[in-house]
Structure formats: structure tokens, C-alpha cells
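Lettering of chains follows the sequences in order, A, B, ..., and the numbering in each one begins at 1. What you are looking at is a predicted structure, and each value in this text was computed from that prediction instead of being measured.
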Protein chains: 2
Amino acid sequence: MPLKRIADSTVRRLSLYLRFLEEFENAGLTTVSSEELAARGGTTSAQVRKDLSFFGSFGKRGLGYQVGELTQRMRRILGLERDWRVVIIGVGKIGAALAQYEGFRQRGFRVVGLYDSDSAKIGREMYDLYVRSVDALADDNREQPVDIAVIAVPAPAAQRVVDQVVAAGITGIMSFAPIQLHVPSDVTLNTVNMAMELERLSYALSNRE
Amino acid sequence: MPLKRIADSTVRRLSLYLRFLEEFENAGLTTVSSEELAARGGTTSAQVRKDLSFFGSFGKRGLGYQVGELTQRMRRILGLERDWRVVIIGVGKIGAALAQYEGFRQRGFRVVGLYDSDSAKIGREMYDLYVRSVDALADDNREQPVDIAVIAVPAPAAQRVVDQVVAAGITGIMSFAPIQLHVPSDVTLNTVNMAMELERLSYALSNRE
DNA sequence: TTATGTGAACGCATTCACAGCC
DNA sequence: GGCTGTGAATGCGTTCACATAA
């Protein structure tokens, strides 16, 4: 849809704007200005307008934006008008927390499968799903294609699991393993590296005056 | 220590380099080149050298870097030579998962307190700690200062809790709440917004050809 | 000869400033 | 008059290319 490639930072902000818009909507507001959106997100009105301008002209000059309409537009842009079929691989502490995470379901990310390689966990029922062997992933995906695999296994196992996910034909991956993963270019990978985030905080705390 | 402000992206990469260096160290290697570090991290050798150059000249021309020495340097730069006293606020699913997270302890982030506002949870023992009321935070911090508060409460409660944390005098915050938080400028805040990361993935998946 | 360290060139995201429209 | 939309200017991180040192 957008003409040129959109910066990562822009997409992140769109996600913020969407949240603010939903709050405005719940508060019953019908109109919002770039200035108001900027104030909430700790950015500038010019930034907001520029971000939106990559996707079209959604506002009215002298007036602002229609909250309902802009909310809808943001949802469409971010690909949130559809449901995403998600499997979680690794049902340890983090995997289990994610499986129950309300934020998933709310945004249309439907957890449709749990996988693990620990035979003690395979077959167990968790949150209305049976934990299955990672080895079953390829067959399962053939029957009912999966959009996103969430990787929540220990670091040493992560690359191996990712290779299995890729081999199974799943092309969207969200990883919580604290390592750098490698995937083919037709697979989209997004990593949340908690260790890195902690160290970033540690750096910031160590270097302020 | 560094002369100019260091870019966020640089600090993130330093964190990656550290992990690779530790792997090289475990593998018994004594020397590493910027080229080798770059290959692992999916970046370029020039990038690696530039990143390091902000902090000093750690290598030998024609030779590369001493693994042991560079590892030590990275640790010092990232502030990982000391221990950090961490409290986790909100012992729901995510908080509980974090409390047990090995990556914390491994890097010197010692969880020294658990807090919640749910009276059903206060007083309960979890992982060798007693869950305490958030209201006790200020007193507790006076007795034994805390470096970092990890916020793992639901979004609607997050800003209120952060205000309490700030009022208690804690100046390092790591938040997992999926909202934009506001803190005074003398408080360092780092947010991991899972909802945003999911939407970023959704965007990427929706817009590939 | 090999690989670092770094000023200079480049490219891209943010900010500015104002024309355009309500 | 008020606020959007957007080229132009700016600032900043990345890449280049080479002088420098082992």
C-alpha cells in the first residue's frame, strides 16, 4: 500500500497512535488533532502528520482527524482487520505467560497451538489446548496453516526450533529468545530480546550524570 | 565515559557483541576480528569498529581483538560489572515469569523484592520472597535502596504504579506494560511493549510482496 | 600483508516552515 | 483563523575508503 518502504520507528508510532485513538474513542471524542496525538506519544505534531502522510491524507485542514475513521485506517494499515493464527513453541514460564496474555487475543492474535519438545509436557492440556510435539508442526501446518510462530524456548534450542518452524512452512516468527536468530529472507522475524533490553537499561543507568 | 551521546542502536549492538564474545570465549578462542563479530550479528565490520571506537581503541591493527579483554570492556561499558537490585511489581503471569527468569540473575540483576496491590497475593511466598504491598515500597527503598523496578502490572494500573515507584525514589524502570508511560527526566525508563511488537509483525506480514 | 581506527560521504528519519484547504 | 499536508532543511547513524600500525 505505501509507496516507499516505511521506517520501523514510524510503524512503532502508528501502533501508539492506534492505542491513543482507541482511548479517545472510548472517551467519546469524535475529533483529534495531530497536536493532541503528539502530546500523548511524546512526539511532535509534525512527526504525527508525516507518519500519517506516508499512507494518505486522513485529516481535514483547520479541523483535525475523525477519531473513528482514523482508528479504522490505523487498524487496516497495521494489518489488524484480520485474525492471525498463532502457535506458541515452548510452554515454559514465558510461553505459558504468553499463552494467557490477553493482549494477544484482543488484537486478533489467536493462539491455536502449543508446542514443546519436552516429552513430559507433550500431551498435557493447557488453556484448552493440548501441547504437541514440535515434530508435528509441519504436518499440523499443512492441515491448518499457521501465520505466526512465537518462539519461547531456551536460547540454546532457539535456532534449531526456528529451523523447524521455517521447514514447516511458517513465515512469521516472533522470538523471545535472547539470541540473534537467522532465517531465510522470505521469513519475517521480529525479536524481543529481554537480556538486551536489560543491558540497555544498565548502560543508561551507569552513564547518567 | 564516552565523549558524545551514544545512539540507542549502538548500545543494542554492544549487547549483541558481548553475547558473541562470551560464546567465542567459551569456545576457547583468544582473538576475534570485527569481520567475525559482524557476521554473527548481521552487521558490517565497519559498523562494529565504529561502535567500539566511541569507547576507545581496543584492537591491534593487523590482528584483531583479544576476546577476553574485549569481553571485559563490553561488560564495563554496559555497566554489568556490578549487581543491580531489582524489584518486580505485579506478580501476575508476566511478573512471575520474570521473577524466575534466569537471564536476570546471570547478568547480575538480583531480584530482591516482589510487590503487588492485590491483597490476595500480598504476604504470599514466591521464589524465596514474600510478596509485599506496593504501599510499602517507599519505606523499603529507604532501608535498602533499589536500583530498578520492573513494572508487570495491567496497563490501566501502570501509570499509577510508576508514579508510586518514582515517589519512592527509585530511578530505574523497566516496563512491560503495553502503554506509554510518563516519568520525570531524572528517572530512566525502558519499555518493552509486546502489543507494539506484535503489531509491528502484523504490519510486516501484511505488507510483503 | 592484514585488520584497525576514523574523517568524509552518504542516506535516511526528523524537524522546519509554509502553502493549501476547511 | 486553524490545522493539515508536504517539499526543503537539518541532524544523525551508517557506510566508505584509506591512512595507520602490527
Whole angstrom value for the distance that separates [atom2] of [N] from [atom1] of [X]:
X     : N      : atom1 : atom2 : value
A/L52 : C/dT15 : CG    : P     : 15 Å
A/F55 : D/dT6  : CZ    : P     : 14 Å
B/K4  : C/dG7  : NZ    : P     : 11 Å
A/R49 : C/dC18 : CZ    : P     : 14 Å
A/K60 : D/dG1  : NZ    : C1'   : 18 Å
A/R73 : D/dT4  : CZ    : P     : 16 Å
B/L37 : C/dG5  : CG    : C1'   : 15 Å
A/E36 : D/dG2  : CD    : P     : 15 Å

| field | Distance-only donor-acceptor test (3.5 Å): side chain A/R61, base C/dG20 | value |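 Such a pair exists between side chain and base.
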| query | With a cut-off of under 6.0 Å to the ring centre and 45° to the axis, is A/R40 in cation-pi contact with A/F24? | reply |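 Geometry flag: set, cation within 6.0 Å and 45°.
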Under 4.0 Å between a side-chain N/O of [X] and OP1 or OP2 of [N], yes or no?
X     : N      : answer
B/R5  : D/dC12 : no
A/T43 : C/dT14 : no
B/S34 : C/dT4  : yes
B/S33 : C/dA3  : no
A/Q47 : C/dT15 : yes

| field | Salt-bridge contact A/R76-A/E81 (side-chain N to carboxylate O under 4.0 Å) | value |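 Yes, this pair counts.
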| query | Considering heavy-atom distances to DNA chain D, does A/G62 or A/K50 have its closest nucleotide positioned more toward the 5' end? | reply |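 Its nucleotide being nearer the 5' end, the pick is A/G62.
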| Nearest listed nucleotide, side chain of B/L63, among D/dT14, D/dA22, C/dC22 |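 Of D/dT14, D/dA22, C/dC22, D/dA22 is nearest to the side chain of B/L63.
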| task | Output the single nucleotide from D/dG5, C/dA13, C/dT4 whose closest atom is nearest the side chain of A/Y65. | result |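 It is D/dG5.
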| Would you find more than 12 non-hydrogen atoms of other residues, nucleotides or ligands less than 6.0 Å from A/E35 atom CD? |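 No - once you tally the heavy atoms of other residues, nucleotides and ligands closer than 6.0 Å, there are 12 at most.
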| Heavy atoms of other groups near B/R82 CZ, more than 12 under 6.0 Å |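 It does: B/R82 CZ has more than 12 such atoms within range.
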| query | Which heavy atom of A/V187 sits nearest a heavy atom of A/V183, and at what distance? | reply |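 Looks like O-CG2, 3.8 Å.
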| message | Under 4.0 Å, counting only non-hydrogen atoms across every strand here, what does A/S45 touch: a base, just sugar-phosphate, or nothing? | response |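 Nothing, no nucleic acid heavy atom in range.
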| field | Residue mapping more 5' on DNA chain C - nearest nucleotide basis, A/A7 or A/A46 | value |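 It is A/A7, whose closest nucleotide lies nearer the 5' terminus.
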